[in-house]
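Reading through the structure tokens given below for one structure.
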Amino acid sequence: RQVNIHCDTISMPNKQMQAQEVQYGSEPVRSMVQTHEFPGTIDATFYADKYLRERQFFEAWQKMCVGEHTHKANYYDSYIGKMHIYQLGSDNEISRDMPTYAVEAMEVYPSNIGSIEYGYARSNEVVKITVSFAYKYWHNMSGRTQGLSFGRHTQAPVDIKKRDTGLFGMLPP
């Protein structure tokens, strides 16, 4: 839970269409979609406490990927996970912390933990840890998309399912 709360910044993953140039006879060449890909990584920064517990969490996750002493890769299914990224509303008090858009990245693992730079001039700065996550694909978590109407200047909020019920389900994700 502390890692979730200490997330400072994160990038929404992108999705690209791969196209191939096709020409039939003498008609003009057109670009036709062949497949899609999920290139790149999801980059995030986290505030660190004085014990760097957030960094220790990601280091432990990386140890699940490759044995620290054996240097052998473990089975893929034993270290991958999921990641939820939420866009929170900010229109008014009622919908301020309610998700308006959400994605679920699948088969995620921390591919890179950034270095931390120390110095006398940085004595009053909060330490941040940068982590890059590899992922296989992502999908939109909204239960329905009929509320989204493209070409209009306003859009209705999307109905995102809640993660928890009870007292903790009322907290922002």
Do [X] side-chain atoms and [Y] backbone N/O form a donor-acceptor pair below 3.5 Å?
X	Y	answer
E107	G81	no
W138	H84	no
N74	M64	yes

*Parallel, tilted or perpendicular for Y137 and F38, by the 30°/60° rule?*
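Y137 and F38: tilted rings.
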*Would you call the rings of W61 and F133 parallel, tilted or perpendicular if under 30° counts as parallel and over 60° as perpendicular?*
tilted
Going by heavy atoms in the side chains, are [X] and [Y] under 4.5 Å from each other?
X	Y	result
K72	V66	no
I85	P13	yes
T9	F46	no
Y135	M106	no
R30	Y24	yes
I129	T45	no
V33	Q20	no

For residues 53-60, dump all side-chain donor-acceptor pairs below 3.5 Å to protein atoms at least two apart in sequence or in another chain.
residue : atom : partner : partner atom : Å
R53     : NE   : D49     : OD2          : 2.4
R53     : NH2  : D49     : OD2          : 2.8
E54     : OE1  : D49     : N            : 3.1
E54     : OE2  : Q2      : NE2          : 2.6
E54     : OE2  : H6      : ND1          : 2.8
R55     : NE   : E59     : OE2          : 3.0
R55     : NH1  : G114    : O            : 2.8
Q56     : NE2  : Y51     : O            : 2.8

_Shortest non-hydrogen separation from I42 to A105 and the atoms involved_ =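 That closest heavy-atom pairing would be CD1-CB, 3.8 Å.
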*Where do K128 and D8 come nearest, in terms of heavy atoms and distance?*
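In this case the closest contact between K128 and D8 is NZ-OD2, 2.8 Å.
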*Ignoring hydrogens and angles, state whether a donor on the side chain of S11 or D43 is under 3.5 Å from an acceptor on the partner side chain.*
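Absent: no donor and acceptor within the cut-off.
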*Indicate whether the side chain of S111 and that of S132 have a donor and an acceptor atom separated by less than 3.5 Å.*
no
*Atom SG in C65, atom CD in E68: separation rounded to 0.5 Å?*
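The SG atom of C65 sits 12.5 Å away from the CD atom of E68.
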*To the nearest 0.5 Å, tell me how far T130 OG1 sits from I116 CD1.*
9.0 Å
*Honestly curious: do Y76 and V108 fall in one hydrophobic cluster under the side-chain, below-4.5 Å linking rule?*
yes
_Is there a continuous path of hydrophobic side-chain contacts, each under 4.5 Å between heavy atoms, that joins M17 to V103?_
no
*asked:* Filter on ring pair (Phe, Tyr, Trp, His ring centres under 6.0 Å), then keep only pairs touching residues 105-129, sequence neighbours left out; what's left?
replied: Y79-Y109
*More than 12 non-hydrogen atoms from neighbouring residues, nucleotides or ligands closer than 6.0 Å to CD on E117, yes or no?*
no
*Evaluate side chain to side chain donor-acceptor pair (under 3.5 Å) for E37 paired with Q18, printing each intermediate quantity in order.*
CA-CA 7 Å; E37 68 173 327; Q18 290 183 342; 3.2 Å; yes
